[in-house]
Amino acid sequence: MRRVCPIVGLLATPFALLDAAPAGCPAPPHSSARFSVGLNLAGVTDYSAEPVFVDLFKAARAWVGNADGKPWGRGGPLDLDAGGNVKSLAPGQFADAVVLADCPEVVAGGPHVCLYDGDGDLDFRMDAKVTKRTPGRLEVAIEPRANAVHLRLSRTDPANPVRNIRLVPAEREGDYREKPFRDDFLARWKGVGTLRFMDWQRTNDSKAAAWADRPTPADHSQALKGVAVEYVVRLANALDADPWVCLPHLATDEYVREFARYTKKHLKPGRRVYVEYSNECWNGQFAQARYCKEEGKRLTLSGNDFEAQLRFYSRRSVEVFAAWEAGFGKENRVRVLAAQGANPWTGRQVMDWDGAAGHADAIAVAPYFGNKWGSPKTAAEVAKMTPAALAAALKEDVAASLKDVRAYAREAKARKLALVAYEAGQHLAGTGGAENDAALTKLFIDTNREPAMKGLYVDYVNGWREAGGGLLCVFSSVNRPSKWGSWGLLEYAGQDPAAAPKYRAFREVLDAAGKK
């Protein structure tokens with residue numbers, strides 16, 4: 001994922017002071033004003049470096065129609081139901097679904113059980129094979145450190161089609177419904193007080209509008225339309241964390257109300273919910289930002305396209321907050337407006353348009369640091385640096401940007417809002433073609449692994465707090481590094497913390513803040 005807006009500050013602060021109020025910046029009268037650290041969860045995919053569900057099929061890709069002698073995906077369109085399940089197959093057609101791909105570090109392998117409803121023929125391919133068959137149940141051996149696992153559906157009865165496929169470790173067959181999340185996943189993020197579900201929900205470029213469009217637990221996979229609210233709430237309850245949810249930009253008021261009602265009914269009493277309309281509606285690379293611009297222009301909210309875009313975002317956010325309150329109530333909710341961290345003007349537009357700040361609790365920014373090092377204009381020279389030299393330069397970089405965080409904190413305080421970070425962390429990634437510079441990419445990856453990155457992150461979050469920031473949600477939990485960036489605190493699940501300085505810094509600051 002590409003990120004923009006490098007802003008933050010650095011100020012070394014003893015851990016003992018982390019839970020104190022920022023000097024000269026009294027906290028607004030709601031909990032989001034207190035300093036704490038939260039986390040953005042990486043999206044659920046078949047190639048994820050962090051498996052989430054005990055049932056591996058919950059991360060499977062969509063079915064693809066294939067036929068003998070034809071290239072992958074050229075077997076004709078599939079007959080699918082609303083949940084993505086195959087209803088019937090044409091003569092000579094079969095369907096394939098990728099269950100695991102390119103993630104050998106996190107695949108334990110061993111005996112698994114594939115359960116399904118309906119009547120049909122299933123078989124596993126690549127690094128897995130069926131060892132025993134009975135109707136509705138296959139015993140499957142997955143190779144340790146498997147690189148790819150595919151499932152093939154070669155026959156399905158249209159009157160009773162194959163559906164509700166599950167693939168679970170044999171030892172978890174009896175409890176995967178009651179305990180859907182992997183134990184190692186829960187242990188890894190125990191103690192995190194706030195979880196932002198933006199990527200889990202596939203917020204960016206979402207096509208969901210009506211409540212009927214939402215992802216549900218009955219879908220073929222939770223990796224297609226996003227993870228269902230049922231699992232969002234279950235995870236928040238399991239980790240005793242406050243959920244931060246992002247409502248799709250096309251969502252109707254009914255969608256928002258129903259989402260809120262479900263959350264109210266099933267979330268543990270006393271937990272807060274951070275409510276945000278979509279994600280980065282100022283950022284033109286996303287469909288939601290382009291939608292806001294077109295709607296702002298249609299409604300003639302301004303003669304300036306960008307201003308009209310921000311004003312529509314502000315207006316719709318307030319409407320979403322009202323719809324949320326209709327389903328959830330006014331207690332234990334934090335209404336979040338968001339703006340571009342590197343451009344405080346956007347924050348003023350969003351907060352001030354039609355009195356929006358009076359209907360919100362927080363203004364959120366993404367105080368990334370290090371963005372400038374990925375510029376194509378300087379890539380050749382930057383690529384010659386050592387990781388230690390770049391880490392030292394990053395320290396100066398974040399220190400210089402502290403004034404921007406303070407400026408936003410003043411703007412928030414003047415409107416009685418908390419300043420929070422919807423995303424945060426380093427932003428070492430090439431842009432404008434520089435992402436294809438192999439030497440630059442290697443430097444950025446190595447710098448993220450540099451031991452000095454731990455101290456840099458600790459100082460970074462302390463600087464945010466001292467500048468007047470409240471909740472800071474780091475981006476992101478677990479992601480493999482690539483030319484597009486090194487966003488994960490960990491590169492893969494089970495990585496040795498000694499080789500993950502950002503993760504160690506996160507846990508250290510989290511523990512010092514005394515959330516648990």
Distance-only side-chain donor-acceptor flag, E307 / S302, under 3.5 Å: yes

Would you confirm whether K87, through its side chain, and P161, through its main-chain N or O, come within 3.5 Å as a donor-acceptor pair? no

Verify, without hydrogens or angle tests, whether S486 (side chain) and P481 (backbone) share a donor-acceptor contact under 3.5 angstrom. no

Please, which pairs that meet ring-ring contact (aromatic ring centres under 6.0 Å, His included) have at least one residue in residues 202-226, sequence neighbours excluded? F57-H220, W63-H220, W211-Y255

Do F124 and L138 pass the side-chain contact (heavy atoms from CB on, under 4.5 Å) test, and can you show the C-alpha distance, the side-chain angles, and the key distance before you say yes or no? CA-CA 10 Å; F124 280 86; L138 307 176; 4.3 Å; yes

With a 4.5 Å heavy-atom cut-off, do V245 and Q201 have their side chains touching? yes

Distance-only, no hydrogens or angles: does the R335 side chain make a donor-acceptor pair with backbone N or O of H359 under 3.5 Å? yes

Between S278 and P248, is there a donor-acceptor pair closer than 3.5 Å when you use the side chain of the first and the backbone of the second? no

Between E50 and W189, is any pair of side-chain heavy atoms under 4.5 Å apart? yes

Verify, without hydrogens or angle tests, whether Q309 (side chain) and E294 (backbone) share a donor-acceptor contact under 3.5 angstrom. no

Are side-chain N/O atoms of Q426 and N448 paired as donor and acceptor at under 3.5 Å? yes

Do any N or O atoms from the side chain of R290 and from the backbone of Q285 form a donor-acceptor pair under 3.5 angstrom? yes

To the nearest 0.5 Å, what is the distance between CG (L471) and CG (L419)? 10.0 Å

Could you check whether atom NZ of K207 has more than 12 heavy atoms from other residues, nucleotides or ligands sitting under 6.0 Å from it? no

Heavy-atom donor-acceptor pair, D175 side chain to E178 backbone, under 3.5 Å: no

Electrostatic pair R234:E230 at N-O distance under 4.0 angstrom: no

Between Y231, Y176, F185, which is the residue that forms a ring pair (Phe, Tyr, Trp, His ring centres under 6.0 Å) with F53? Y231

Test your reading of the model: is there a side-chain donor-acceptor pair from Y277 to the backbone of F321, 3.5 Å cut-off? no

Give the ring-plane orientation class for H150 versus W72, where under 30° counts as parallel, over 60° as perpendicular and anything between as tilted. tilted

I'd like to know if the side chain of R272 pairs up with that of N332 as donor and acceptor (distance under 3.5 Å, no hydrogens or angles considered). no

Any side-chain donor near an acceptor of the partner, N283 and E280, under 3.5 Å: yes

Rounded distance (nearest 0.5 Å) linking atom NZ of K293 with atom CG of D305: 5.5 Å

Can you list every pair that meets salt bridge (Lys or Arg N to Asp or Glu O under 4.0 Å) and has a residue in residues 213-224, with sequence neighbours left out? D219-K225

Please tell me whether E435 and W484 have a donor and an acceptor in their side chains that are separated by less than 3.5 angstrom. no

Donor-acceptor pair, E411 side chain versus Y408 backbone, under 3.5 Å? no

4.5 Å side-chain heavy-atom contact, L235 and W200: yes

Decide, yes or no, whether a salt bridge links D123 with R152 under the criterion of side-chain N to carboxylate O below 4.0 Å. no

Qualifying salt bridge (Lys or Arg N to Asp or Glu O under 4.0 Å) pairs with a residue from residues 246-260, counting only residues at least two apart or across chains: D253-R316, E258-R261

So, D102 and R480, do they make that salt bridge, N to O below 4.0 Å? no

Run the salt-bridge test on R271 and D242 with the 4.0 Å N-O cut-off and return the result as yes or no. yes

Does the side chain of D119 pick up a donor-acceptor pair with the side chain of N160 at under 3.5 Å? no

State, yes or no, whether a side-chain contact exists between E423 and N279 at a heavy-atom distance under 4.5 Å. yes

For the atom pair CZ (R137) and CZ (R166), what is the distance rounded to the nearest 0.5 Å? 11.0 Å

Donor-acceptor under 3.5 Å (Q288 side chain, H249 main chain): no

Going by an N to O cut-off under 4.0 Å, is there a salt bridge joining R202 and D199? no

Does atom CZ of R74 have more than 12 heavy-atom neighbours from other groups under 6.0 Å away? no

